[in-house]
There are 2 protein chains.
Amino acid sequence: MSTPPAVPTEDPASSRRPRSYAKGVARRQEILDRAIEVFAAKGSEGTSLRAIAEKIGVSHAALLHYFGSREELLVEVLRERERRHDDYRTADDRRAHDEVVGGMVRAAHRNVTVPGFVSLYTSLLAGSLEPDREYSREFFATRFARIRDRLSALIRIGQEEGGIRADVDPEAMAALVIAASDGLQTQWLLEPSVGIERSLALLELILEPDPAESDKNSSRTA
Amino acid sequence: MSTPPAVPTEDPASSRRPRSYAKGVARRQEILDRAIEVFAAKGSEGTSLRAIAEKIGVSHAALLHYFGSREELLVEVLRERERRHDDYRTADDRRAHDEVVGGMVRAAHRNVTVPGFVSLYTSLLAGSLEPDREYSREFFATRFARIRDRLSALIRIGQEEGGIRADVDPEAMAALVIAASDGLQTQWLLEPSVGIERSLALLELILEPDPAESDKNSSRTA
DNA sequence: GTCTATAGGGCGATAGAC
DNA sequence: GTCTATCGCCCTATAGAC
């Protein structure tokens, strides 16, 4: 799995900086890219700061120069990967019913090809629940809130268009879809015969508008 | 991984052992009880072997005498707690539709009162996905398989009795219910406004038999 | 600004004294 | 059966070389 050359273009304020600032940013990105490769292959445990540094070819102190702590490095790896694959950014509002569960199915499909990331994600999420893990807790809390917001918005659109059952609480359904996706991937890691997609597909039965209740909406796309 | 000289509790061959075996078992149980109290209050991180030992009032080496490793101690804490609350053992087959989701709701209700256990569970589960975690991986794999079996059996009963929609795959639904329960508790820990029960209740919509399709269904499970 | 070298304190695990 | 002592590893912090 190769990675395109690191060309960070996000900080406009750097134009006022002296020089050789870009190099630091590039180096940081380079380390991030290599770290992603490492985690894709292995999980997160057994991957001490020293072990990661060794595989990347730098000292463990160098890693801490760019990332304040091991926790922060791991979070940034997750954040970067998420930036590359945003499954709901391209969601088509016209097909809200399919997109709600479809986005999760696509994400699960991709994750199944790199068990290391599922493991990293699960491990970091669990750790974020403990005290003194402000950085990762903030990341996950924000991430969950963001995805819940997008999903519930998508659900509301579907309800207005009549493609989604109207009496379903969008917030509750959003949380459920995320929970199911996370939980199924964990079960799948322990028992690969668990069909992630098959179980997720059941969630669509919740969304289907009940024909008997279509006194409120009557437009339905087959 | 070396095998400790410690005496396993469930080995029938131990009848040949000299004596003073019962006391060891009693002491082990005593330590387990104290450990459960400790974990109910706090999570699993920050609870090093030394910290647990100090709170219980023994040396950390004593803990390792009764439990081969930290991993094993934590698993036994979970196992013991589960032994005390088995939510599907008492399931009433006559009300299969309600019991499927109901059991999870009851478990979630109880867990919400002791966040430390949810945290311990999540942390240990995440760790079990890593290499060299044979003991906890075996525990979770067995646990998930057992609950899936019970749930799917309950679902089949409900389908035969007509209380549960017939075209739902029992195995896939069982995995989904467990996944949702686990995932929702995690989200709830990060954002208490997430309504676990409200989201779980949506799963019941999947089970509801569709009156319009009742006559379309002709094949039954053998 | 970038990175190396080094040190401190905590961890799980083990060995051997009592 | 339980303890003290100790080992090797870990994360983190920091001083200072380039």
Side-chain angles (χ1 to χ4, degrees), chain A residues 6 8 11 13-14 16-32 34-35 43-75 123-124 127 130-136, chain B residues 1-9 14 17-32 34-35 43-77 123-124 127 130-136:
Chain A
D11 193 352
S14 62
R16 259 188 64 78
R17 304 292 252 142
R19 225 183 63 81
S20 73
Y21 180 64
K23 186 193 171 190
V25 176
R27 184 84 177 104
R28 185 188 143 109
Q29 186 64 37
E30 186 185 331
I31 290 176
L32 210 47
R34 292 279 294 124
S44 70
E45 196 121 332
T47 56
S48 68
L49 212 48
R50 281 170 170 78
I52 302 170
E54 191 179 352
K55 295 209 177 196
I56 294 181
V58 297
S59 73
H60 79 276
L63 256 50
L64 287 177
H65 174 71
Y66 291 102
F67 307 89
S69 66
R70 179 179 187 270
E71 179 190 7
E72 190 176 331
L73 169 61
L74 265 39
V75 167
S123 171
L124 210 48
E130 308 290 338
D132 292 325
R133 283 294 220 286
E134 194 60 37
Y135 196 89
S136 53
Chain B
M1 196 178 288
S2 60
T3 307
V7 193
T9 57
S14 61
R17 291 192 68 84
R19 57 203 173 81
S20 72
Y21 182 64
K23 187 196 173 192
V25 173
R27 184 84 176 106
R28 184 188 144 111
Q29 186 63 41
E30 186 185 332
I31 291 177
L32 208 48
R34 291 281 293 126
S44 70
E45 197 123 330
T47 55
S48 68
L49 217 42
R50 281 173 170 77
I52 302 169
E54 190 181 351
K55 296 209 174 193
I56 294 183
V58 295
S59 73
H60 78 277
L63 256 51
L64 289 176
H65 173 71
Y66 291 101
F67 306 90
S69 67
R70 180 179 186 269
E71 178 191 8
E72 190 176 330
L73 168 61
L74 266 42
V75 166
E76 295 310 322
V77 166
S123 171
L124 210 47
E130 308 290 339
D132 292 327
R133 284 294 222 286
E134 193 60 38
Y135 197 88
S136 52

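Numbered from 1 within each chain, the chains take letters A, B, ... in sequence-line order. Note that this is a predicted model, so its numbers are computed, not measured.
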Which atoms form the tightest heavy-atom contact between B:Ser123 and A:Glu130, and what is the distance?
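Looking at all heavy atoms of both residues, the closest pair is CB-OE2, 4.2 Å.
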Got more than 12 heavy atoms from elsewhere within 6.0 Å of CD, B:Gln29?
yes
Between the side chain of A:Glu71 and the main-chain N/O of A:Ser136, is any donor-acceptor distance below 3.5 Å?
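Such a contact is found between A:Glu71 side chain and A:Ser136 backbone.
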For the backbone of B:Ala53 and the side chain of B:Arg34, can you confirm whether one donor and one acceptor N or O come within less than 3.5 Å of each other?
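Not at all, since once roles are kept as given, no pair shorter than 3.5 Å links the two residues.
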Nearest-neighbour nucleotide for the A:Leu64 side chain, D:dC3, C:dA13, D:dA13 considered:
D:dA13
Among D:dT12, C:dA13, D:dC10, the one nearest A:Ser48 by side-chain distance:
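Per side-chain heavy atoms of A:Ser48, the pick is D:dC10.
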Quickly work out the B:Glu71 CD to C:dC11 C1' distance and round it to whole Å.
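So the two atoms are 16 Å apart, to the nearest Å.
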Take atom CD1 of B:Ile31 and atom P of D:dG1, then tell me their distance rounded to the nearest Å.
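Checked: the CD1 to P distance equals 12 Å.
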Is the phosphate of D:dC10, meaning OP1 or OP2, less than 4.0 Å from a side-chain N or O of A:Arg50?
no
Scan B:Ala62 against the nucleic acid and name what it touches under 4.0 Å (heavy atoms): base, sugar-phosphate only, or nothing.
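Touches sugar-phosphate only.
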Of the residues in residues 53-61 of chain A, which ones touch DNA chain C at a heavy-atom distance under 4.0 Å?
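A:Ser59, A:His60, A:Ala61 - these, ordered by number, are the residues of the stretch whose heavy atoms sit under 4.0 Å from the strand.
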Only counting residues at least two apart or in another chain, list the ones meeting side chain to side chain contact (heavy atoms under 4.5 Å, CB included) with B:Glu30.
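Side chain to side chain contact (heavy atoms under 4.5 Å, CB included) check on B:Glu30 returns B:Arg27.
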